2 protein chains.
Amino acid sequence: MKYKILENPNYEETYDLIEEGLKKKATILLFACCRVSYEGRSLSELDYGERIIMMKPDGCFLIHQDNKVDPVNWQPPKSRPRAYIKDEILFLESHRRSPPERIEVEIKKVHYANYNLIEDYEELERAGYEKDMGDMIWDKPHIIEEGFRPTVREYATEHGFIDILGKDSKGNLMVLELKSRKAGITAVKQIRRYLTDFENKENSEIKAKNGQKQKIRGLLVAPSIGDDALELLEEEGIEFVSVEPPRELKKDKRVTLDSFG
Amino acid sequence: MKYKILENPNYEETYDLIEEGLKKKATILLFACCRVSYEGRSLSELDYGERIIMMKPDGCFLIHQDNKVDPVNWQPPKSRPRAYIKDEILFLESHRRSPPERIEVEIKKVHYANYNLIEDYEELERAGYEKDMGDMIWDKPHIIEEGFRPTVREYATEHGFIDILGKDSKGNLMVLELKSRKAGITAVKQIRRYLTDFENKENSEIKAKNGQKQKIRGLLVAPSIGDDALELLEEEGIEFVSVEPPRELKKDKRVTLDSFG
DNA sequence: AAGTCCATCTCGTAT
DNA sequence: ATACGAGGTGGACTT
């Protein structure tokens, strides 16, 4: 059977449904009055109230109240779920090691319970990431400025990776730090560290070669920048270029309706 | 009616259920084959597959796949939900302004739909709160320093409540501000305000009594303190005492099962 | 397994 | 409203 639904089941019926659902690696949903204890990275108690309990086949365990996006209590994937009856009361448990964490749910009244073998073979396709910005700038460097030539991506320095390294039309070195969202003060500091790393390197290597000091330009590339960050950036002589992350999906994927008859 | 459940409803029945659920400010659950588009802070597409859709009365909109703790698509509280039918196809929508964001769900097949008026008046009780710290210090004042004697909790001043008021072994007044997490600059300013309030009071009342100026010590009690806060604290002549919040729950709270008959 | 960094982070709190 | 920081952050990716 692909699914099962029970309305107002007693604790034994609910127990059987959960056991069956777990065995079949189904996704289990309960709407029940329950009490929740959590102990692990933190410690919490939640007294009796009606909540939605979700147990996914990957081991996730979620308890949702009637507000908020986040569950009030949860366990991550690969946790071990279990149901048991003690003194005619149904308990749910989800446990994991490393770090040791345990949720215990005391079920008082189940309004409905169901499990479903979910058929879902699709993954979310997203746009607007930092990587997408990098791809876009790599492909169309004129977005930054006319004559910009990117040379290296993810260039390693002592303090981390420079997103894009390149040269401007005059041959000056350009250090680009990309942010897919509004840039903060930390982004400016990050560039400052990169520039310092580079100046040190330059002093020991590049300068030795051609005997003259090469200009290095630091660029913060983001859709926008915070006021405080802008202030620091100007102090530091770093430039800001406003670039919107690419807001388009790359693939033209099509799935026919027929595949879900 | 407090709840409603439909198995294998058609798109019109589902539409009616959702409309009714939204009107009643209920929590709506669907298990359905659907396609999801999101546009807002980012951009995403999710092709046909079976998912669990949750609409909460606070405006949250969640779409869960059969793995992960986080929903694959969602909208935050205060978003505006809507259901509509177009060309005999049911669509769900959740929209918000600022930032502009929209989810659109095309429903292909509903396996079951239900709404529930959830009764849940409990909030999660976590360990490590300020109150727990206060209890602990009240019970074991030597945690602060040898000879400390707490006298009042939640002492009202013009600018708010002083967490703990007491005296040291020499009879000096002590003003304690508790933070269960890393203390910031605001905590220092807060103590500064309390001290000012107290000095004013003292000048008008206490000093008149015994005719001599009494020393007042301000103490910030927290597991740790930020660098900027530390700097200000030293300037202000306020002291810092490192205290970890108690990581244990007090079990004095009991709710009888009868309250959810 | 442990560390690092991004996120439609969410969520609380203070301004 | 916006800004800032914490989180049982989660989740992807690297070492």
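Computation of the quantities below employed the complete heavy-atom set of this structure, encompassing side-chain atoms and omitting hydrogens, waters and symmetry-equivalent molecules. Just so it is clear, the structure is predicted and the values come from calculations on it, not from any experiment. Proteins come first, then strands; the chains are lettered A, B, ... in the order of their sequence lines, and each starts at number 1.
From B:Ile107, atom CD1 reaches atom OH of B:Tyr48 across 10.5 Å, with rounding to the nearest 0.5 Å. In this structure, CD1 in A:Ile162 is found 9.5 Å from CD1 in A:Ile191, a value given to the nearest 0.5 Å. For the atom pair CG (A:Asp70) and CH2 (B:Trp74), the distance works out to 9.5 Å, reported to the nearest 0.5 Å. One finds the NZ atom of A:Lys56 at 8.0 Å from the CD1 atom of A:Ile118 (value rounded to the nearest 0.5 Å).
OP1 or OP2 of C:dT8 lies within a sub-4.0 Å distance of a side-chain N or O belonging to A:Arg126. Between B:Arg41 and C:dC9 there is a side-chain N or O to OP1 or OP2 distance below 4.0 Å. Between A:Ser180 and C:dA7, a side-chain N or O to OP1/OP2 separation shorter than 4.0 Å is present. Within the 4.0 Å cut-off from OP1 or OP2 of D:dG10, at least one side-chain nitrogen or oxygen of A:Trp74 is found. Phosphate contact (OP1/OP2 of C:dT8, side-chain N/O of A:Tyr129, threshold under 4.0 Å): present.
The aromatic rings of A:His64 and B:His64 lie perpendicular to each other, with more than 60° between the two planes, well past the 30° mark.
Between A:Gln75 and B:Val69, the residue anchored closer to the 5' end of DNA chain D is A:Gln75, taking for each the nucleotide with the nearest heavy atom. The residue among A:Lys179 and A:Ser98 whose nearest nucleotide of DNA chain C lies closer to the 5′ end is A:Ser98. The 5' end of DNA chain C is approached more closely, in terms of each residue's nearest nucleotide, by B:Gly40 than by the other of B:Cys60 and B:Gly40.
Between C:dT4 and C:dT8, the two P atoms lie 22 Å apart (nearest whole Å). When the C1' atom is used for both D:dG8 and C:dA14, the distance is 24 Å, rounded to whole Å.
Residue A:Pro77 is classed as a sugar-phosphate contact, given heavy-atom separations below 4.0 Å to backbone atoms only. Counting non-hydrogen atoms under 4.0 angstrom, A:Glu101 reaches a base of the nucleic acid. In this structure, B:Tyr38 reaches the bases: a heavy-atom distance under 4.0 Å links it to at least one base atom across the strands shown. Contacts of B:Lys189 with the nucleic acid, taken as non-hydrogen atoms under 4.0 Å apart, are absent.
In this structure, CG of A:Asp132 is placed 15 Å from P of C:dC6, rounded to the nearest angstrom. The CG atom of B:Leu62 sits 15 Å away from the P atom of C:dT8 (whole-angstrom rounding). Between A:Leu124 atom CG and D:dA12 atom C1' the separation is 14 Å, expressed in whole Å. Per the geometry, CG belonging to B:Asp70 stands 11 Å off C1' belonging to C:dT8, to the nearest Å. In this structure, the CG atom of A:Leu178 is 11 Å from the P atom of C:dA7, given to the nearest Å. The CD atom of A:Gln65 sits 18 Å away from the P atom of C:dT10 (whole-angstrom rounding). Distance CG (B:Asn67) to C1' (D:dG11): 11 Å, rounded to an integer number of Å. Protein atom NE2 of A:His64 is 15 Å distant from nucleotide atom C1' of C:dC11, rounded to whole Å.
Remark: B:Arg102 does not engage B:Glu39 in a salt bridge, criterion side-chain N to carboxylate O under 4.0 Å.
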